[in-house]
*Asks:* 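Can you keep this structure in mind? I'll have questions shortly.
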2 protein chains.
Amino acid sequence: MASDHTRSAILAAAERLYADRGFSDVTLRDIVAEANVNLAAVNYHFGSKDELIAELFVTRSIATNRERLRELKAAEEQGGGRAPIEVILRALVGPTLRGCLGPENQRSTAARFMIRASIESVPPIRRIKNREIDHLRKFAGAMRRSLPERSDVDVYWGLNFALAMAHHTIRESERLTKLSEGKCDLDDVEDVVARVVSVATMALTAGKAEAKAPSRALARDAR
Amino acid sequence: MASDHTRSAILAAAERLYADRGFSDVTLRDIVAEANVNLAAVNYHFGSKDELIAELFVTRSIATNRERLRELKAAEEQGGGRAPIEVILRALVGPTLRGCLGPENQRSTAARFMIRASIESVPPIRRIKNREIDHLRKFAGAMRRSLPERSDVDVYWGLNFALAMAHHTIRESERLTKLSEGKCDLDDVEDVVARVVSVATMALTAGKAEAKAPSRALARDAR
DNA sequence: TTGCAATTCAAACAGTTGTATGAAACTATC
DNA sequence: GATAGTTTCATACAACTGTTTGAATTGCAA
């Protein structure tokens, strides 16, 4: 078999362009130009544009989920099946935040592509996306084990809010910087992670006896 | 001057279609079919597709902002220039949540259109969107007055997280319903508002002496 | 080297998009 | 009721989209 140079060049170029400019205004001609391959190569190697996008998404989805689950599993094993809620939340939002924020040059194309995918929702991705629910269910399970006294509804809402803060902060990072006139430092990723985890933890533990909401100072020093 | 029947039919049809299906896959031909007008009417009345979208967005943006500011102003006047943080947050996220969630038949096309606009970010809207920062600044100001002991950075982060929870919940309402197997009731809008406001309030008040985070029970009964 | 399959390539295709045109229909004023 | 200005209409246009085609080229096995 020949080297799949062309194939992987297309994948890399497509991911980069989609991450930078979104799905809606990146054409096959943009991709093949960036990859320095012929236009027909996309259909030859992937069948169609949609199948290219789908392959990209599936690959990255598996990788991201594996990374998140690795962190989660490590935490649960260390805690004998019950990880602290902060650690679970950190495993949930940390990888994505770290991949999408921080200094320009060390942002991950893969993470930014995944955020685009979660935002723009093109047909080929929407079709696959249902699987991610199974993935989130694993986190919901871990959170329930960590907070057995909490109702399921509250846990789901906490999970929802944690993802909300992480994704929205990534999506609107530019606006937040402008609004705060640079006072909110989006380059300090670990501070952002700490803030999101802190608020989500409060959301999940407030109103209970053992609600030990991490102080703001703690969140800020956690870097 | 003649009645602007055609003009407003186009605006209404466009808003409805954009709200339902997003900007990317609604064509001018879809719009004129829905509005029962001729294809050329759009360019005759608005100049171009982009100007149609821009007019739609500007109109709705002004209306939404006016409603939010009305609630905010009322609260501040009643409190002598200092509204409780919960009330400010409610004025910020309440109108949007109420317009986008709740029973199918009473959802507002306008609100759903605005959410689309905040999600998909097409060029004509992106150009205008900077004004919204000025609008958010007014809320940031009110929040600072309400929590004078809090640092600016914390206030901006709180504002960011409040919007995050509201918008993300709207965007991913379907997924949350599926994930929770219907346990999270997205039709109970006032409960959703209460949860978002409650968590955002905690985020803004935790770690301080007067931090009286509303109990979960309070949030749930606030409807 | 010869032969064959896999890959690349330029070119063309069919479909859709937003926009422009010029004639027709309407509306109001005198 | 003729006229001038506005609005509607069918139609055409040019640009762009993803995809297909068939010939050229390549790489490898016999």
Side-chain angles (χ1 to χ4, degrees), chain A residues 1-58 113 116-117 120-128, chain B residues 1-58 113 116-117 120-128:
Chain A
M1 145 181 138
S3 86
D4 53 358
H5 164 274
T6 302
R7 222 186 114 89
S8 45
I10 292 174
L11 284 171
E15 182 171 49
R16 191 157 4 123
L17 289 178
Y18 285 144
D20 284 346
R21 313 192 336 224
F23 295 100
S24 50
D25 55 32
V26 171
T27 72
L28 281 189
R29 283 167 177 82
D30 293 334
I31 295 173
V32 298
E34 178 90 358
N36 271 312
V37 301
N38 186 270
L39 174 59
V42 173
N43 289 278
Y44 177 78
H45 283 283
F46 298 93
S48 71
K49 184 194 186 183
D50 280 9
E51 290 175 85
L52 164 62
I53 294 180
E55 167 146 353
L56 222 37
F57 180 71
V58 169
F113 170 85
R116 285 283 186 192
E120 289 197 16
S121 175
V122 292
I125 288 184
R126 206 174 318 147
R127 257 175 258 128
I128 308 171
Chain B
M1 145 180 140
S3 86
D4 54 356
H5 165 273
T6 302
R7 223 187 113 90
S8 45
I10 292 174
L11 284 170
E15 182 171 49
R16 191 157 4 122
L17 289 178
Y18 285 144
D20 285 347
R21 314 194 333 226
F23 294 99
S24 50
D25 54 31
V26 171
T27 73
L28 282 189
R29 283 166 178 82
D30 293 334
I31 294 173
V32 299
E34 178 90 357
N36 271 310
V37 301
N38 186 270
L39 173 59
V42 173
N43 288 278
Y44 177 78
H45 284 282
F46 299 92
S48 70
K49 185 193 186 184
D50 280 9
E51 290 175 83
L52 164 63
I53 294 180
E55 167 147 353
L56 222 37
F57 181 71
V58 168
F113 170 84
R116 285 283 185 191
E120 288 196 15
S121 175
V122 292
I125 289 184
R126 206 174 319 147
R127 257 175 259 128
I128 309 171

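Here is the naming used below: chain letters follow the sequence lines, and residue numbers restart at 1 for every chain.
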*Asks:* CD1/B:Ile53 to NZ/B:Lys49 distance, rounded to the nearest 0.5 angstrom?
*Replies:*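 Output value for this atom pair is 5.5 Å.
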*Asks:* I need the CG-P distance between A:Asp30 and D:dT17, as an integer number of Å.
*Replies:*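 Between P of D:dT17 and CG of A:Asp30: 7 Å.
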*Asks:* Could you tell me whether A:Ala41 contacts a base, only the sugar-phosphate backbone, or nothing, with contacts defined as non-hydrogen atoms closer than 4.0 Å?
*Replies:*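 Contact class for A:Ala41: none.
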*Asks:* Whole angstrom is fine here: how far is it from CG in A:Asp4 over to P in C:dT7?
*Replies:*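 In whole Å, C:dT7 P and A:Asp4 CG are 10 Å from each other.
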*Asks:* Mapping B:Ala40 and A:Thr27 to their closest nucleotides on DNA chain D, which lands nearer the 5' end?
*Replies:* B:Ala40
*Asks:* Please give, in whole Å, the distance from D:dG18 P to A:Leu52 CG?
*Replies:* 11 Å
*Asks:* What is the distance, rounded to the nearest whole Å, between atom OH of A:Tyr44 and atom C1' of C:dT7?
*Replies:*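 Distance check: A:Tyr44 OH to C:dT7 C1' gives 5 Å.
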*Asks:* Rounding to a whole Å, what distance do you find between B:Arg29:CZ and D:dA10:P?
*Replies:* 13 Å
*Asks:* Any side-chain N or O of B:Thr6 under 4.0 Å from OP1/OP2 of D:dT8?
*Replies:*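 Checking D:dT8 against B:Thr6, a side-chain N or O does come within under 4.0 Å of OP1 or OP2.
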*Asks:* Side chain of A:Leu28 only, please: which of C:dT19, D:dG18, D:dC9 is the nearest?
*Replies:*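 Between C:dT19, D:dG18, D:dC9, the one nearest the side chain of A:Leu28 would be D:dG18.
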*Asks:* Is it true that A:Arg126 and A:Glu120 make a salt bridge, defined as a side-chain N closer than 4.0 Å to a carboxylate O?
*Replies:* no
*Asks:* Could you check how far CZ of B:Phe46 sits from P of C:dT19, rounded to whole Å?
*Replies:*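 From B:Phe46 CZ to C:dT19 P: 13 Å.
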*Asks:* Select one nucleotide: of C:dA20, C:dT19, D:dG18, the one nearest the side-chain heavy atoms of B:Ser48.
*Replies:*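 My answer, after comparing the listed nucleotides, is C:dT19.
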*Asks:* Between P on D:dT19 and CG on A:Leu39, what's the gap in Å once rounded to a whole number?
*Replies:*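 For the pair A:Leu39 CG and D:dT19 P, the rounded distance is 10 Å.
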*Asks:* Can any side-chain N or O of A:Asp30 pair as donor or acceptor with the backbone N or O of A:Thr27 at less than 3.5 Å?
*Replies:*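 A pair under 3.5 Å: yes.
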*Asks:* Do the ring planes of B:Phe113 and B:Phe23 sit parallel (below 30°), tilted (30 to 60°) or perpendicular (above 60°)?
*Replies:*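 Ring orientation of B:Phe113 relative to B:Phe23: perpendicular.
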*Asks:* To the nearest Å, how far apart are A:Asn43 CG and C:dA10 P?
*Replies:*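 One finds 16 Å between P of C:dA10 and CG of A:Asn43, rounded.
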*Asks:* Please determine whether a side-chain nitrogen or oxygen atom of A:Asn38 lies at a distance below 4.0 Å from atom OP1 or OP2 of C:dT7.
*Replies:*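 No, because none of the side-chain N or O atoms of A:Asn38 sits under 4.0 Å from OP1 or OP2 of C:dT7.
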*Asks:* So, OP1 or OP2 of D:dT8: does either fall under 4.0 Å of a side-chain N or O from B:His45?
*Replies:*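 Answer yes for this pair, as a side-chain N or O of B:His45 is under 4.0 Å from OP1 or OP2.
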*Asks:* About how many Å separate CG of B:Leu56 and CD1 of B:Ile10, when rounded to the nearest 0.5 Å?
*Replies:* 11.0 Å
